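A quick write-up on the structure given underneath.
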Amino acid sequence: MRKISAAITAVGAYVPEYVLTNQILETMVDTNDEWITSRTGIKERRILKEEGKGTSFLAIKAAQNLISKKGINPKDIEVVIVATATPDMKAASTAAFTASEIGATNAFSFDMDAACSSFLYGMSVAAAYIESKKYKNVLLIGADKMSSLINYKDRATCIIFGDGAGAVLFEANENGLGIQDEYLRSDGTGRAFLQATYGGSSHPLTHETLDQGGQYAFQEGKTVFKNAVFNMADATVKILERNNLTKANIDWLAAHQANKRIIDATAQRIELEEEKVMMNIHKYGNTTSATLPLLLNDYESQIKKGDNILFAAFGGGFNWGAIYLKWAYNSKN
Ligand code: UT7
């Protein structure tokens with residue numbers, strides 16, 4: 001019997017309409033376009049402004065975009081995973097609501113959170129379901145409303161993050177296409193350097209912590225930066241070595257869009273040419289769980305069937321890793 005692998009067979013995406021440019025940020029905090037562009041590569045990000053709309057709004061839109069592009073019946077979807085660090089609510093799954101709203105009424109669904117590596121880890125989970133032959137397809141959505149965690153008076157974080165969502169459909173493949181290998185790691189000592197401290201079970205929100213802005217994300221950028229550069233590059237090298245690949249075998253690097261300098265460092269470590277490095281951080285900033293599927297959506301028309309894509313991510317926790325995937329289709333767009 002032929003081996004079953006998990007292939008991506010469709011992509012969809014959604015970003016909110018409101019564009020928060022570096023120029024607008026200059027009027028909000030002590031920063032400037034030159035600093036943000038040279039330190040991060042970001043020019044603008046999208047923000048979901050409408051009250052009462054959370055991450056599920058973004059996830060539903062991205063999933064609906066995929067469903068209409070692919071022309072599938074949502075009732076045929078077996079599993080819906082929403083990778084997110086900003087679920088709609090503390091209790092009640094964002095994925096369950098998303099699945100119902102898109103009409104995936106025969107699916108089971110759940111959220112998963114590994115901070116900025118949520119989507120990468122989600123790819124691993126989706127692949128395991130399919131390779132086990134328990135399920136034929138998995139809809140994996142990466143969605144985050146990062147603006148809900150950001151203090152727009154804190155220049156260390158507000159210039160980086162944006163809101164958005166991307167979705168991919170994984171299906172069983174018998175021709176060797178899809179996920180080939182993965183290297184995933186985590187290190188909990190890293191949580192001191194990137195966290196939203198209050199509002200969880202260890203430090204519930206109180207009037208006092210709210211008054212201190214305790215609900216917002218805090219980041220010690222330099223430490224996170226150093227760990228991201230080292231570990232993302234290390235994970236990609238490990239994947240190359242154990243699959244006997246050289247840079248000539250890699251068609252694309254799809255790396256988490258946290259900082260252009262981190263992405264460039266990862267590409268340089270494997271000496272990958274610039275034109276093979278997917279990049280859209282200038283348009284969206286760091287959308288946490290949505291960065292990888294937003295890249296696939298933006299580059300979909302350029303990726304060819306059989307192309308080798310190296311995915312890499314690093315995030316709070318710390319969580320990081322790399323995945324090697326063979327692309328399974330030529331886009332009709
Ligand atoms: O996706 C999850 C993982 N997250 C990441 O991977 C993010 C990793 N970290 C980073 O991307 C970078 O550390 C940042 C973009 C957050 C910061 O860049 P940096 O080059 O590490 O800057 P820094 O924090 O060391 O600050 C350098 C200087 C400081 O001034 P002094 O002390 O040298 O006078 C800061 O006060 O830049 C100043 N600064 C700013 N200036 C203008 C910090 N933030 C800003 C700002 N605008 N927004």
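Positions are given from 1 along the sequence. All of these numbers come straight from a predicted model, not from anything done at the bench. As the structure lists them, so they are numbered: ligands from 1, and atoms in each ligand from 1.
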Working for salt bridge (charged side-chain N to carboxylate O under 4.0 Å, His left out), residues K247 and E273
CA-CA 9 Å; K247 64 167 188 161; E273 299 84 349; 3.7 Å; yes
Test salt bridge (charged side-chain N to carboxylate O under 4.0 Å, His left out) applied to K283 and D298, step by step:
CA-CA 11 Å; K283 293 195 288 184; D298 279 2; 3.0 Å; yes
Shortest non-hydrogen separation from A62 to Y14 and the atoms involved
N-CB, 3.7 Å
Looking only at heavy atoms, what is the nearest atom pair of L58 and P16, with distance?
CD2-CG, 3.8 Å
Criterion side chain to side chain donor-acceptor pair (under 3.5 Å) against D307, the qualifying member of W252, W327, Y299
W252
Given the options N286, N22, T21, T287, R45 meets side chain to side chain donor-acceptor pair (under 3.5 Å) only with N22
Select all protein residues for which some heavy-atom-to-ligand 1 distance is less than 4.0 Å, and list them by chain and number.
D30, T31, W35, R39, T40, C116, R155, I159, I160, L194, Q219, G221, K222, V224, F225, H256, A258, N259, R261, I262, N286, F314
